[in-house]
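Here the structure comes first, spelled out in structure tokens, and everything after it is commentary.
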Amino acid sequence: MTGRIEHHPILGSLENRKQILFHFDGKTYTACESETIAAALLANGVRTLRVHEEKGTPRGIYCNIGHCFECRVTVNGVKGIRACLTLVEEGMNVESGVQLPVPFKEGGHQK
Amino acid sequence: MTDVLIVGAGPAGLSAGIACAQHGLQVKIVDEFPRPGGRLLGQLHEEPDGTWWNGMEEAKRLLEQAEKLGVDIDCGVSVYDAAKTKEGWSVSSSHGNFEVPKLLLATGAAEMALPLPGWTLPGVMSIGGAQVMTNVHRVRVGERGIVVGVNILSVAIARELQLSGIHVDRMVLPAQNPVTRDAGNPEKVFQSMLRVAHLAPSTFMKLGSKLLKSKTMQKLALQFLPGIGGIRMWGIPIQLKAAALEIIGDKQVEGVKIVKINAKGAPIPGTEKVIPADFVCIAGGLYPLVELAAVAGCPFAYLPELGGHVPLHNERMQTPVEGLYVAGNITGIEGAKVAAAQGTVAGLSIADEFGKLPEKNLLSTAIETVEVVRQNATIQFHPCIAQGRATVKNMSAQHKSDA
Ligand SMILES: Cc1cc2nc3c(=O)[nH]c(=O)nc-3n(C[C@H](O)[C@H](O)[C@H](O)COP(=O)(O)OP(=O)(O)OC[C@H]3O[C@@H](n4cnc5c(N)ncnc54)[C@H](O)[C@@H]3O)c2cc1C
Ligand code: FES
């Protein structure tokens with residue numbers, strides 16, 4: 001189970017943040033204002049952000065601080081955006097990556 | 001007109017910005033993370049005197065000071081190139097180009113990967129990734145997790161997960177292979193754990209920390225560690241004699257296959273079992289994030305005691321490349337207090353370069369402060385850090401006299 005850490009013995013309780021709506025692969029989710037796409041999706045129980053372009057295996061965040069590019073998604077039509085560094089916005093349209101054809105690779109996936 | 005561009009708004013970058021602005025320089029700091037503070041934001045550990053090191057508060061304090069001094073901070077900006085020009089630097093970013101006379105790189109550190117089968121499954125993340133999710137974003141990374149890799153950072157973060165009510169089932173070593181090397185060797189890991197004994201004194205008192213100072217006793221202790229090498233810190237089992245072979249799951253993490261290992265790290269056949277988990281943290285340690293120094297043309301040195309390849313620099317945090325400075329973890333892996341102290345040195349040194357530092361003693365005092373902070377650090381990532389620092393200093397001097 002994922003979800004938010006409302007209370008913390010040292011860091012205190014979360015303040016009430018404005019709720020916003022955004023879309024991921026056609027579904028609508030609630031996020032808190034000024035949180036990253038990766039955090040908002042995980043809080044909603046979504047771990048898979050894309051599939052590997054060639055193999056189609058599922059991928060999620062790894063480093064969570066912008067170094068590994070494992071979390072790349074398409075945001076409002078722009079590809080290759082790091083979900084762990086990008087803040088969600090009201091009405092934002094986020095799409096996971098899809099498997100791509102590799103017609104020139106022997107044994108590769110063909111569409 | 002910006003006098004100095006700082007890449008990275010962590011403790012080093014912010015402290016440098018403060019020092020520059022205090023001496024009348026126009027400073028711009030850019031950072032690709034959505035908020036300033038760098039890796040300080042996620043840090044939370046108990047000091048031996050019972051007080052808490054709360055990085056979030058420290059970051060806030062530095063940020064307020066910087067903003068009061070008029071430092072311009074832009075987040076969400078990724079820098080990807082730095083080219084030398086006649087007047088200084090042309091720096092390329094996701095948000096356009098910056099032309100500046102002086103450039104300070106304070107890009108911090110990155111985490112080493114410990115690849116093992118199944119590590120690309122959703123639910124597997126680096127230990128630092130879990131720290132940021134937990135303490136910065138305040139989102140639960142899962143219900144029940146296993147940490148692969150036992151080092152000072154992973155032990156500290158396992159405790160942070162526990163504080164947030166997330167169950168860390170156990171910590172194990174990665175299976176030994178050419179990539180994991182010492183991280184998969186119980187003897188080596190045990191020795192490094194003794195150096196963090198002060199973080200959980202009661203655990204190590206039980207083992208008799210005095211006795212364990214001798215190498216022979218360490219070997220013996222490891223032979224006789226209870227169960228499959230279970231010590232506990234804050235109740236979290238740290239199994240130095242178990243290794244993760246594979247992360248299991250179809251669409252996401254469902255468990256970890258572990259195996260018993262001997263004191264040298266060799267797996268004991270027939271002892272494999274699968275431990276259920278919904279998340280896994282991989283902890284391979286830190287290395288300096290130096291790519292920008294490389295594209296800027298800075299010479300490097302390879303020093304394992306500093307975490308890997310580091311840009312050459314002198315005590316004033318100047319690199320051999322005109323107008324290029326470095327501070328913080330890009331120069332070697334240490335705690336945030338050392339990074340901040342180095343930032344102050346870099347800032348003063350840049351001010352001096354502009355002829356804006358009449359009080360020369362400020363710089364020499366700041367250089368001494370780095371040393372003092374280093375000696376008093378609670379969290380030390382490498383035992384031979386002082387030696388590494390001395391080597392870089394010598395190499396930098398040598399480089400200058402050769403040139
Ligand atoms: C994941 C992680 C967790 C850590 N946890 C701890 C801990 O719990 N305790 C501890 O003592 N130490 C910890 N450290 C060590 C940490 O590096 C130091 O404590 C300290 O934060 C270093 O300060 P710094 O200013 O050098 O770098 P950082 O604090 O890392 O700040 C560097 C900043 O530069 C930015 N940046 C990097 N490259 C670019 C670029 N190309 N363009 C724009 N911005 C860029 C980053 O976004 C970051 O905000 C951790 C390090 C990492 C990587
Ligand atoms: S998770 Fe590594 S870049 Fe986003």
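Values in this document were obtained by computation on a predicted structure and should not be read as measured data. In the text below, chain A, chain B and the rest are named by the order of the sequence lines, each starting its count at 1.
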Measuring heavy-atom distances to chain A, does Ser78(B) have an atom under 4.5 Å in its side chain, in its backbone, in both, or in neither?
side chain
Using a strict 4.0 Å threshold on nitrogen-to-oxygen distance, state whether Glu70(A) and Arg50(A) make a salt bridge.
yes
Below 4.5 Å, heavy-atom pairs only: which of Thr120(B), Val132(B), Leu163(B) has the largest tally toward chain A?
Thr120(B)
Can you tell which part of Gln252(B) gets under 4.5 Å to a heavy atom of chain A, answering side chain, backbone, both or neither?
side chain
Counting heavy-atom pairs closer than 4.5 Å to chain B, which one of His52(A), His8(A), Glu6(A) comes out on top?
His8(A)
Less than 4.5 Å to any heavy atom of chain B: does that hold for the side chain of His67(A), its backbone, both, or neither?
side chain
Any side-chain to backbone donor/acceptor pair from Gln162(B) onto Ile236(B)? Under 3.5 Å, distance only.
no
Side chain of Asn93(A), backbone of Asn76(A): donor and acceptor closer than 3.5 Å?
no
Which heavy atom of Ile166(B) sits nearest to which heavy atom of Gly142(B), and what is that distance?
CG2-O, 3.7 Å
I'd like to know if Glu53(A) pairs up with Lys79(A) as an ion pair, taking the criterion as any Lys NZ or Arg NE/NH1/NH2 lying under 4.0 Å from an Asp or Glu carboxylate oxygen.
no
Only pairs of heavy atoms separated by less than 4.5 Å count here; which of Arg35(B), Gln131(B), Arg144(B), Arg39(B) has the most with chain A?
Arg39(B)
Under 4.5 Å heavy-atom distance to chain B, tell me which part of His7(A) shows up: side chain, backbone, both or neither.
backbone
For the residue pair Met92(A) and Ile37(A), establish whether any side-chain heavy-atom pair is separated by less than 4.5 Å.
yes
If you count heavy-atom pairs under 4.5 Å with chain A, which of Val253(B), Asn135(B), Val136(B), Leu121(B) comes out on top?
Asn135(B)
Who wins among Leu11(A), Thr48(A), Leu87(A), Thr57(A) for the most heavy-atom pairs under 4.5 Å with chain B?
Leu11(A)
Check whether Thr51(B) reaches the backbone of Glu47(B) with its side chain - one donor and one acceptor, N or O, closer than 3.5 Å.
no
